Amino acid sequence: MDGKERLQVRRKEALSRVMSSPTVRTRFAPSPTGYLHVGGARTALFNWLYARHHGGAFVLRIEDTDQNRNIADGIEAILNGLLWLGMDWDEGPGVDGGEVGPYFQSQRQHLYDKHLEALQQKGLVYTEDNGAVRFRSPGETVIVDDQICGRVEFNRDEPDMTIRRPDGSYIFHFVNVVDDLEMGITHVIRGEDHLSNTPKHIELFEALGAAPPVYAHIPLILNADGSKMSKRDQGASVSEYAEKAYLPQAVVNYLALLGWSPKDDREILPLDEIIARFDFPGINKSNASFDLKKLTWLNAQMLMALDGDAFWQHAAPIVEQAQMDIAEATLRELLPLMQTKVSLASELPHKLASFQGEHCDYDSSALAKLAKDAESDTRLAALQSAFEASESWTEDAISAAIDAAAETLEVKKGKLMFPARVAASGQAGGPDLLPMLRLLGKDRVLTRFQDARKALAAP
RNA sequence: GUCCCUGUAGUGUAGUGGCCAGCACGACAGACUUUCGAUCUGUAGUCGCGGGUUCGAUUCCCGCCAGGGAUGCCA
């Protein structure tokens, strides 16, 4: 089956899903706090995946009712985060149309007023002396039939919840329910921290004369030490991953695997396959710790899987931004050599530093390794004269020169490779030796050999 | 305090009333007569604890413990 056929089969599958569940509507409803949190991104992703899997709609709604918490440009950071990860929304900010807008809570006051009035007429709310409005809880046991947590019973003996403040602004529970109702949200997929709020929401839906949506509460993401991941924590913001040049597809893949499993042993999955396989039964119930090392490994895998062009397009701008003194022609040869040597493209400027300038800095531990071997200077001297004697500077010529030096010294050429690398680049690691030496050029290599021998001679 | 959710190696997960509990990351060790966080091979490490039910439990039930969440005129 070729790509085109597979695409057609997928389209067919998607279509049949649409037919079986024509009305799936999910939403992501962030507050504009100024950045997209990885937990929020994961919640958004699960909603997006569920909608895409079922051929439904993914709605983006901005919960900006609490003016104190909103910071300037907070919305943009969230939208950028979602877009960077590749999540598009069918309705919401920046999208034309949508039958159930506006998509900012700050613009939906009239709807909240309308539903409050309905509750007042039914006598389901009461106003306190100071003007706050409370919802009269029926006080009956509420059953949440959660798609992930199962059937959960709640006894309702808490105080009646406030739904409107004395200043006329509305409380989260109320606006959230009114919006989900008005927007025709069919599936609410959100963090498990909301499970205990759900009976309140169900009561409100019923009071408003509507059937509640299907609920699916997903496990939370914790820090490596098991504590709840919050704003201050390293790696909590999606923008950090963009800045460090993680591939968005790596982040999405990793996030999808946090709490969801395709149930086979595969871990690196293309997005369309994640969409095809994503569903509630694959989601587990226990909280998960965020493992940066595994994400980085995933990124390295995907970096290696990129074809040459894609890798260049990803990596070249990063090197360019570092304003390195490396000719483009050299870079064109160099970058492909580095594709399997880095986990993140953002490591490249540092890794390529030794390709700049006549001289280079010597990594102290690499140098120390050379210094430990009494033969190092002899070997470097032999290499030096072999290189000097070499008329051309092709990889074959360089290889022949190394062979010659090895023969003179009566050692295996392997003994010469590491000293040559350190002397020429100052580093213990890097691209393959022969192309590295070739790209550095004969003169520069010889200069650095002298530098290295001097450094070794120094106490 | 009360209520709710969860508990498979350090981490993410698979799985079953009964073959050596599978995979991946990480760690460690070797190999690749060149480096390497790449690749290959190998090693160590797990069913939270205690009771039951059962011929037999990681799997079912109860208790405990631990972690997380909710109990706001935050979202």
Side-chain angles (χ1 to χ4, degrees), chain A residues 29-33 40 63-66 68-70 105 128 130-134 144 146 148-150 152-159 161-176 190-200 217 219-222 224-228 254 257-268 282 284-298 300-301 303-304 338-344 347 351 366 369 399 402 406 411-422 425 427-434 436-437:
Chain A
S31 294
T33 49
E63 304 213 337
D64 55 351
T65 51
D66 184 357
N68 308 333
R69 276 175 61 144
N70 299 339
Q105 285 188 335
E128 305 214 297
N130 65 5
V133 177
R134 284 183 188 266
V144 178
D146 193 90
I148 294 161
C149 301
V152 187
E153 260 184 55
F154 290 89
N155 292 317
R156 303 291 295 130
D157 45 15
E158 286 167 14
M161 71 177 130
T162 306
I163 60 174
R164 198 183 70 170
R165 302 186 185 86
D167 69 3
S169 62
Y170 290 95
I171 300 294
F172 160 73
H173 302 293
F174 183 69
V175 294
N176 192 266
R190 54 175 21 168
E192 197 207 80
D193 47 339
H194 283 295
L195 182 59
S196 306
N197 288 328
T198 306
K200 294 180 185 174
H217 288 90
L220 269 21
I221 298 179
L222 309 176
D225 67 358
S227 63
K228 188 182 176 185
Y254 178 71
L257 252 26
L258 225 42
W260 172 78
S261 162
K263 301 289 184 191
D264 57 23
D265 287 335
R266 297 189 56 200
E267 302 208 281
I268 301 176
N284 69 355
K285 309 184 203 180
S286 52
N287 294 346
S289 295
F290 193 89
D291 184 358
L292 186 61
K293 283 186 175 160
K294 185 145 189 178
L295 167 59
T296 305
W297 170 79
L298 248 174
Q301 295 298 309
L303 223 42
M304 285 189 273
M338 298 304 290
Q339 193 167 350
T340 60
K341 308 288 183 185
V342 293
S343 299
L344 291 168
E347 298 169 17
K351 295 280 182 193
K369 228 169 160 181
S399 181
I402 295 174
V411 296
K412 289 196 290 185
K413 74 189 279 193
K415 292 282 184 194
L416 302 182
M417 303 291 249
F418 184 72
R421 166 181 300 284
V422 176
S425 72
Q427 309 273 323
D432 289 345
L433 184 65
L434 295 181
M436 182 178 93
L437 292 180

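Small disclaimer: the values here were computed from a predicted structure and weren't measured. Per chain, numbering begins at 1; letters A, B, ... match sequence-line order.
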On RNA chain B, does the nearest nucleotide to A:Glu153 precede the nearest nucleotide to A:Ser343 from the 5' side, or the other way round? Give the residue.
A:Glu153
Base, sugar-phosphate, or nothing for A:Asn130, non-hydrogen atoms under 4.0 angstrom?
base
Would you indicate what A:Gly414 reaches in the nucleic acid, counting non-hydrogen atoms under 4.0 angstrom: base, sugar-phosphate, or nothing?
sugar-phosphate
OP1 or OP2 of B:U39 less than 4.0 angstrom from a side-chain nitrogen or oxygen of A:Gln301, does that happen here?
yes
Just the atom pairs and distances: protein N or O near nucleotides 19-29 of chain B's N or O, under 3.5 Å.
| from | atom 1 | to | atom 2 | distance (Å) |
| --- | --- | --- | --- | --- |
| B:G22 | N2 | A:Asp265 | OD1 | 3.3 |
| B:C23 | O4' | A:Asp265 | OD2 | 3.4 |
| B:A24 | O4' | A:Glu267 | OE1 | 3.2 |
| B:A24 | O2' | A:Glu267 | OE1 | 2.4 |
| B:A24 | O2' | A:Lys294 | NZ | 3.4 |
| B:A24 | N3 | A:Lys294 | NZ | 3.1 |

P gap between B:C25 and B:U39, integer Å
8 Å
Would you classify A:Gly191 as touching base, sugar-phosphate or nothing, given that sugar-phosphate means primed atoms plus P, OP1 and OP2, and contacts are heavy atoms under 4.0 Å?
nothing
What's the closest nucleotide to the A:Asn284 side chain, out of B:U13, B:A38, B:C73?
B:U13
Output the single nucleotide from B:C36, B:C5, B:U34 whose closest atom is nearest the side chain of A:Val152.
B:C5
Remember a base hit wins even if backbone is also touched, and classify A:His173 as base, sugar-phosphate or nothing at under 4.0 Å, heavy atoms.
base
Heavy atoms under 4.0 Å, any strand shown: does A:Asp193 hit a base, just sugar-phosphate, or nothing?
sugar-phosphate
A:Phe154 side-chain proximity, nearest of B:A75, B:A38, B:C3
B:C3
According to a strict under-4.0 Å criterion, is A:Ser289 in side-chain N/O contact with OP1 or OP2 of B:G12?
yes
Find which nucleotide of RNA chain B each of A:Ser261 and A:Leu195 is nearest to by heavy atoms, and output the residue with the more 5' nucleotide.
A:Leu195
Partner set under side-chain contact (heavy atoms from CB on, under 4.5 Å) for A:Arg134, not counting sequence neighbours
A:Tyr126, A:Glu128, A:Asp160, A:Thr162
Base, sugar-phosphate or nothing for A:Met304? Non-hydrogen atoms, less than 4.0 Å.
sugar-phosphate
Taking only the side-chain nitrogens and oxygens of A:Lys415, find out if one of them lies under 4.0 Å from OP1 or OP2 of B:U34.
no
Using OP1 and OP2 only, check whether a side-chain N or O of A:Arg156 sits under 4.0 Å from B:C4.
no
What is the nucleic acid contact for A:Ser196, judged by heavy atoms within less than 4.0 Å: base, sugar-phosphate only, or nothing?
base
Report the distance from atom CG of A:Leu222 to atom P of B:C5, rounded to the nearest whole Å.
18 Å
Nearest-neighbour nucleotide for the A:Met417 side chain, B:U6, B:U34, B:U39 considered
B:U34
